[in-house]
Amino acid sequence: SEVLVKLLAGYITNPNVAGATIFSLGCQNAQIEMLQKAIEDIDPNCAKPVHYLEQQKSASERHLIEEAVKHTFIGLTKANKITRKPAPLSKLVLGLECGGSDGFSGISANPALGYASDLLVALGGSPVLSEFPELNGVEQELINRCATKENKEKFAHLMDTYAARAIALGSAFKNNPSPGNIKDGLITDAMKSAGAAKKGGTSLVTDVLDYTEKCIKKGLNLLCTPGNDVESTTGLAGSGCNVICFTTGLGTPTGNPVAPVIKISSNNVLSEKMKDIIDFNTGTIITGEDTIESKGEKLLKYIIKVASGEEVPAAVRLGQDDFIPWKRGISL
């Protein structure tokens, strides 16, 4: 599909990716040409090695698999020779995601991430706020922060279109809170949204992106994705995020094969209970040992260490590589 083609193009051009082997099973040449054009549209000067293997042009299935394995391992040996080089923080595109939220998320983890996002904007970076169903109820606040009329109209159009499609398929944004959300106090979509939106801090919105659109403008971007964890993180990486921050109050093992995913707990109990998947705890805001500002500063420092390779998040260590494209069906 066109969405998958654009997602693959976004992944290939993501700064974290050295190259790719496209293993085509029954795919027609026209679809490969679509992918090549999508890559060119995103990065006309893309010099990364990309190998295309078409089953319909292969001598046999065995030959196809042999070629795929050969090109992949040769590419890996070259990728392993790549060394890190200094880069300014303006190159950091930070995905902002939440999942398994609880009653503390909107007063600890999300605002702390929002403060870190504002600091990153001040340093020339680009936070990207996703999950449009979880912005339902706070649209006007975000529209007021849009830098241009075009962005205001695009955001309103994407929200209205998404909401109308959900209703047409027998659902609605009001059905977005999960049983776990409701149990922990987030009983309406508006309550959930009020906390979720805090991940975007207070900065101006410089651009509004539809799913698979590339992040090209510095500053806070809004990206239309569903609230579903993996469909959303898949879209964030496809739009160019090279690190993703994922706040949670109940816990989740979601990761991504391209962008390292940092798990941020909203409370101390979760941090202790799920030490194997939590990277950063903001529960100390609730207990009074930290403020939103002090924890936000510490979080940005941790993000920089992850981007620099000095820290490896649990999702990377555990191989939690999740990839699910959003097919525009009923997904909230």
Side-chain angles (χ1 to χ4, degrees), residues 1-14 31 34-35 37-44 93-98 117 126-169 171-173 176 189 193 196-197 199-200 203-242 244 256 258-259 323-332:
S1 70
E2 185 178 352
V3 170
L4 181 56
V5 165
K6 289 183 178 179
L7 263 178
L8 288 174
Y11 272 64
I12 290 168
T13 55
N14 188 294
Q31 293 167 307
M34 285 174 59
L35 177 57
K37 184 180 184 304
I39 293 172
E40 185 178 356
D41 289 343
I42 295 173
D43 185 1
V93 184
L94 182 68
L96 310 176
E97 176 77 14
C98 61
S117 300
S126 305
V128 181
L129 180 62
S130 58
E131 302 179 292
F132 273 26
E134 299 187 14
L135 300 179
N136 181 49
V138 296
E139 296 97 332
Q140 191 60 55
E141 193 267 338
L142 289 167
I143 287 173
N144 293 343
R145 287 163 55 188
C146 286
T148 66
K149 180 181 178 182
E150 290 75 18
N151 283 339
K152 297 175 191 286
E153 293 175 347
K154 185 174 182 179
F155 176 63
H157 172 71
L158 287 171
M159 287 291 287
D160 290 344
T161 301
Y162 194 165
R165 186 170 296 173
I167 292 172
L169 294 172
S171 187
F173 282 167
N176 182 37
D189 57 317
S193 296
K199 301 192 301 292
S203 300
L204 277 177
V205 175
T206 57
D207 208 359
V208 177
L209 311 171
D210 199 355
Y211 200 71
T212 73
E213 277 194 270
K214 196 74 172 179
C215 175
I216 57 175
K217 292 185 179 179
K218 303 298 182 186
L220 178 63
N221 286 245
L222 303 181
L223 174 63
C224 183
T225 75
N228 178 278
D229 297 348
V230 182
E231 289 173 320
S232 186
T233 52
T234 296
L236 284 166
S239 289
C241 294
N242 35 40
I244 297 173
N256 184 267
V258 168
F323 179 94
I324 301 177
W326 179 28
K327 296 181 179 179
R328 301 289 191 180
I330 186 62
S331 184
L332 299 175

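Positions are given from 1, in the same order as the sequence printed here. Values below: every heavy atom of this structure, side chains too, minus hydrogens, waters and symmetry copies. Keep in mind that what you see is a predicted model, and the values were worked out from it rather than measured.
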So, the side chain of K199 versus the backbone of A196: is there a donor-acceptor pair under 3.5 Å, distance only? yes
Is the side chain of N136 donor-acceptor paired with the backbone N or O of S193 at a distance under 3.5 Å, no angle test? no
Test of understanding: with side-chain contact (heavy atoms from CB on, under 4.5 Å), list the residues that count as partners of A259, not counting sequence neighbours. N16, A237, I244, N256
Testing T225, L223, L135, V205 for side chain to side chain contact (heavy atoms under 4.5 Å, CB included) with L129, which one passes? L135
Does T233 reach the main-chain N or O of V230 with its side chain, forming a donor-acceptor pair under 3.5 Å? yes
How would you list, by chain and number, every residue that makes a side-chain hydrogen bond (donor to acceptor under 3.5 Å, both in side chains) with N221, sequence neighbours excluded? none
Among residues two or more places apart or on two chains, list those pairs meeting salt bridge (charged side-chain N to carboxylate O under 4.0 Å, His left out) that have a residue in residues 154-164. K154-E213
Does E150 have any side-chain hydrogen bond (donor to acceptor under 3.5 Å, both in side chains) partners at least two apart in sequence or in another chain, and if so, which? none
Would a distance-only check, ignoring hydrogens and angles, find a side-chain to backbone donor-acceptor pair under 3.5 Å from S239 to K214? no
So, using side-chain hydrogen bond (donor to acceptor under 3.5 Å, both in side chains) as the criterion, who are the partners of K152 when residues are at least two apart? none
With sequence neighbours excluded, tell me which residues meet side-chain hydrogen bond (donor to acceptor under 3.5 Å, both in side chains) with S130. E97, S232
Indicate the ring-plane relationship of F323 and Y11, choosing parallel, tilted or perpendicular according to the 30° and 60° boundaries. perpendicular
To the closest 0.5 Å, what do you measure between NZ (K217) and CG (N151)? 6.0 Å
